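For clarity, every value in this text was computed on a predicted model and none was experimentally measured.
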Amino acid sequence: MLLNIILCLIVLSILVGGIYIVFFRKRTDYTAPPEIDPYNYNYLKLTIKNDIAATIRLRPEDLNLNEFETKKQKKQIDELKKNLKVCISGDTGAKAYVMDYISSILQQKRGISDTTINKCIPFDDESRLSTEQKFFILLQWYENTYGGDALAIMIRSNGFDHLRNERLYVDDADISSLYHEKQCLLQLTFTDKIKILSQMVYQDIYGHGCVDKIRTMNIDGFSIGVSGIPSDMFTSTGEELAKYLQSHKEGLRFSYDSVWIMLNGRQIYLSCLGTHSEKELKRVCKNLYRYNASKNLSANAGYLTNDMKDGSRIAAARPPVSDSWVAICRKHSSGMSVSLEEQIQGENADKIRDLIKSLVRGEQTLAVTGGQACGKTTMIRNLMSEIRPTYTIRVQESIFELWLRKVLPDRNIITLKQTDLISGQAIIDFTRKLDSDVIVLGEIAEPAVAAGLVQTTQTGGSFTMFSHHGLTVKKLLAWFRNALLRFSGFSNEKIAMEQAVEAIPFDLHMKGNKWSGERFCERLTEIVPCNDGSDYPYRENKIFEYDRRKKAFTILNRISPDREAIILDNLTDEEADIYRKVFEGITYNEGNLRRSA
């Protein structure tokens with residue numbers, strides 16, 4: 001009896017539940033999944049990445065092809081793998097291969113044509129274009145005419161290199177205004193459009209993000225992550241963020257939206273560009289330093305310097321060493337086309353060039369000094385062209401920057417680079433065994449290398465050239481004195497200074513004006529040892545100086561007689577005549593020499 005009652009209750013419950021579901025429960029309309037737009041940029045980017053990944057995983061042996069086709073497919077896959085691996089290293093050929101491959105996928109597999117490409121990037125509707133899209137469209141248009149000078153021309157011709165509110169910048173309003181002005185002139189072909197689309201897809205998947213195209217331009221360099229608020233700075237409450245926004249009416253800008261370029265020695269802020277996320281900033285930084293890197297950035301090894309395949313120098317850092325992920329690129333290749341005539345200009349510039357050439361031909365050790373980005377590397381590269389072709393040249397650098405074999409491919413040149421296991425001092429010692437006539441030290445920043453230089457001038461080749469960041473003769477020699485005291489066993493400061501003075505007879509000082517972009521050779525100073533038993537270790541003989549306002553060089557004094565005799569002894573008769581004409585009508589005045597304690 002009890003069992004029957006329980007069964008009836010169960011049946012009744014099921015019946016009531018069914019009636020409720022059918023008649024009383026609120027119905028929900030069925031929503032079909034949204035259709036995927038095959039021309040959406042982000043969707044295209046994802047599918048291309050998957051297409052290339054599938055191609056790499058493909059095994060031609062499993063496709064039932066004949067032997068010829070199997071080998072052909074395998075060769076194509078291997079070629080794609082190789083170029084994908086090195087395209088981020090500064091290899092322009094590998095990048096072009098990958099971009100062509102992306103372009104072919106877009107057109108052959110993804111249906112991108114002249115009639116559909118505007119669905120990916122709205123080239124036909126200015127109002128729908130983002131600021132970055134406008135920037136890269138404009139850059140492509142300028143590149144069609146000016147090649148690698150496109151970015152520099154775009155900035156100069158539109159006044160973006162002029163100070164505005166004491167700053168140099170290109171913002172969203174500048175790009176929008178320029179695009180609107182140039183829109184009727186753009187006349188982009190399908191080839192231009194597919195190149196822009198392929199470039200944007202490439203830089204977002206494999207390349208260096210928003211700086212990928214910039215990196216190939218003829219500029220001095222660029223920086224990312226160096227301004228704005230580090231993304232983890234506001235970690236407590238919203239009160240701190242609210243206070244910041246109240247004091248910064250222009251809004252919050254994070255470090256991952258920070259892009260700067262260096263053009264003619266001046267930093268220009270491209271606030272119109274950015275990586276837009278901390279993840280993307282990290283990816284770009286890692287890609288920039290990766291080429292042949294001896295280590296990876298980590299919390300324990302938070303900074304490094306490296307070079308790219310095209311000779312660019314990369315300096316990168318990450319927290320906790322720096323307050324955010326940063327990468328700075330110096331493109332020393334941009335100065336390879338700058339001649340000595342272009343570098344030294346102004347009234348009496350011809351005499352100054354002849355004098356500097358005479359110092360090189362006269363086999364004088366020369367220090368090229370100055371601050372950062374003032375033209376030191378370019379000057380040394382130009383002076384190398386004046387060395388007699390029969391002389392061998394041996395170069396020691398911490399990072400490959402001079403690339404003398406590119407400039408002088410028919411000369412006897414060996415360039416050596418210090419590594420984590422091989423010190424600069426060891427490299428200098430090794431150069432003495434390489435039939436060295438001229439020893440060049442790229443940039444002396446380590447005291448051990450400075451001590452090695454002094455030893456080299458006493459026992460090495462004919463003469464030496466090097467660059468250094470010393471801003472005055474006094475600071476230059478004091479730095480070398482301290483290096484000798486630390487690494488060469490000297491205990492007497494006076495003797496160490498005398499060794500430094502004997503090693504460096506000339507200081508050619510370069511200077512750059514950060515707000516005007518002007519770079520010039522400011523002075524040439526002869527360092528004359530004092531052998532009169534006085535407390536003064538040396539005297540400064542300023543040979544010439546440059547007045548940047550008058551844009552004129554003035555020769556102030558002749559080189560000291562003893563040093564001049566050595567120079568003339570190493571010159572041919574014709575070269576000696578040129579040297580004498582430089583100082584025609586000028587006599588050596590010992591009273592012009594300035595003593596230094």
Side-chain angles (χ1 to χ4, degrees), residues 294 303-307 311 313-315 330 332 364-372 374 376-381 383-384 392-404 413-491 493 495-510 527:
S294 59
Y303 71 94
L304 58 78
T305 57
N306 197 23
D307 49 9
R313 183 186 71 195
I314 301 296
R330 282 294 308 278
H332 293 283
Q364 297 301 297
T365 292
L366 187 63
V368 180
T369 61
Q372 290 188 340
C374 63
K376 298 187 301 297
T377 301
T378 302
M379 176 58 73
I380 289 182
R381 193 182 291 124
L383 296 181
M384 291 299 99
T392 61
I393 301 174
R394 305 295 178 249
V395 184
Q396 183 271 332
E397 299 184 273
S398 57
I399 293 290
F400 292 132
E401 294 178 347
L402 288 170
W403 297 102
L404 291 182
I413 301 173
I414 300 176
T415 301
L416 304 170
K417 182 180 76 168
Q418 65 191 70
T419 66
D420 293 338
L421 301 177
I422 303 175
S423 67
Q425 174 69 59
I427 294 293
I428 292 177
D429 293 339
F430 181 58
T431 58
R432 300 191 188 114
K433 302 175 178 64
L434 298 177
D435 297 331
S436 307
D437 291 326
V438 182
I439 295 178
V440 179
L441 305 179
E443 180 179 301
I444 296 183
E446 298 179 6
V449 176
L453 166 73
V454 174
Q455 298 169 12
T456 297
T457 60
Q458 297 170 342
T459 62
S462 297
F463 61 104
T464 306
M465 288 189 195
F466 65 92
S467 67
H468 189 269
H469 287 295
L471 299 181
T472 65
V473 171
K474 184 177 181 179
K475 291 180 179 179
L476 170 68
L477 292 175
W479 194 89
F480 271 83
R481 177 203 62 199
N482 294 338
L484 290 173
L485 290 171
R486 183 176 177 186
F487 287 97
S488 293
F490 287 91
S491 57
E493 287 192 9
I495 295 176
M497 177 60 82
E498 289 174 355
Q499 292 289 309
V501 169
E502 289 288 344
I504 309 171
F506 290 100
D507 175 15
L508 182 66
H509 191 72
M510 308 297 295
I527 301 169

Problem - Heavy-atom check, side chain of Met465 versus side chain of Val368, under 4.5 Å - result: no
Completion exercise
OG of Ser398 to CD of Glu446, rounded to nearest 0.5 Å, is 7.0 Å
Practice task
Identify, with sequence neighbours excluded, every residue that meets ring-ring contact (aromatic ring centres under 6.0 Å, His included) alongside Phe466.
Solution key: Phe480
Practice task
Rounded to the nearest 0.5 Å, what's the gap from CG on Leu434 to OG1 on Thr392? Could you check?
Solution key: 9.0 Å
Practice task
Examine distances only and state if a side-chain atom of Ser436 and a backbone atom of Thr431 form a donor-acceptor pair shorter than 3.5 Å.
Solution key: yes
Practice task
Could you grab the distance from atom CD1 of Ile527 to atom NZ of Lys474, nearest 0.5 Å is fine?
Solution key: 14.0 Å
Problem - For Lys433 against Asp429, the heavy-atom pair lying closest together - result: NZ-O, 3.5 Å
Problem - Polar contact flag, side-chain donor to acceptor under 3.5 angstrom, Thr369-His509 - result: yes
Exercise for the section: Could you tell me whether the side chain of Thr415 reaches within less than 4.5 Å of the side chain of Leu402, counting heavy atoms only? Expected result: no
Problem - Spacing of CG belonging to Leu404 relative to CD1 belonging to Ile393, to within rounding of 0.5 Å - result: 6.5 Å
Practice task
May I ask you to decide if Glu443's main-chain N or O and His468's side chain share a donor-acceptor pair within less than 3.5 Å?
Solution key: no
Problem - Close side-chain approach of Ile413 to Met384, heavy-atom, < 4.5 Å - result: no
Handout entry: Arg481 side chain near Leu477 side chain, heavy-atom distance below 4.5 Å
Key = no
Exercise for the section: Go through the structure and list residues passing side chain to side chain contact (heavy atoms under 4.5 Å, CB included) with Ala503, not counting sequence neighbours. Expected result: Val454, Thr457
Exercise for the section: Identify, with sequence neighbours excluded, every residue that meets side chain to side chain contact (heavy atoms under 4.5 Å, CB included) alongside Ala483. Expected result: Pro447, Ala450
Practice task
Indicate yes or no: at least one non-hydrogen side-chain atom of Ile422 is less than 4.5 angstrom from one of Leu416.
Solution key: no
Problem - Ser467 side chain to Gly442 backbone, donor-acceptor under 3.5 Å - result: yes
Handout entry: Side chain proximity check, Leu485 to Glu493, heavy atoms < 4.5 angstrom
Key = yes
Completion exercise
What one should report as the nearest heavy-atom pair of Leu484 and Ala500 is CD1-N, 4.0 Å
Practice task
Please examine the side chains of Ile439 and Gln396, heavy atoms only from C-beta on, and report whether any two atoms are closer than 4.5 Å.
Solution key: no
Problem - Gap separating the NZ atom of Lys417 from the CD1 atom of Ile427, nearest 0.5 angstrom - result: 10.5 Å
Practice task
Could you pull out the closest heavy-atom pair between Gly371 and Leu471, with the gap in Å?
Solution key: N-CD2, 3.9 Å
Completion exercise
d(Ile380 CD1, Met510 CE) to nearest 0.5 Å is 10.0 Å
Handout entry: Non-hydrogen atoms of Arg394 and Asp435 that approach each other most closely
Key = NH2-O, 3.9 Å
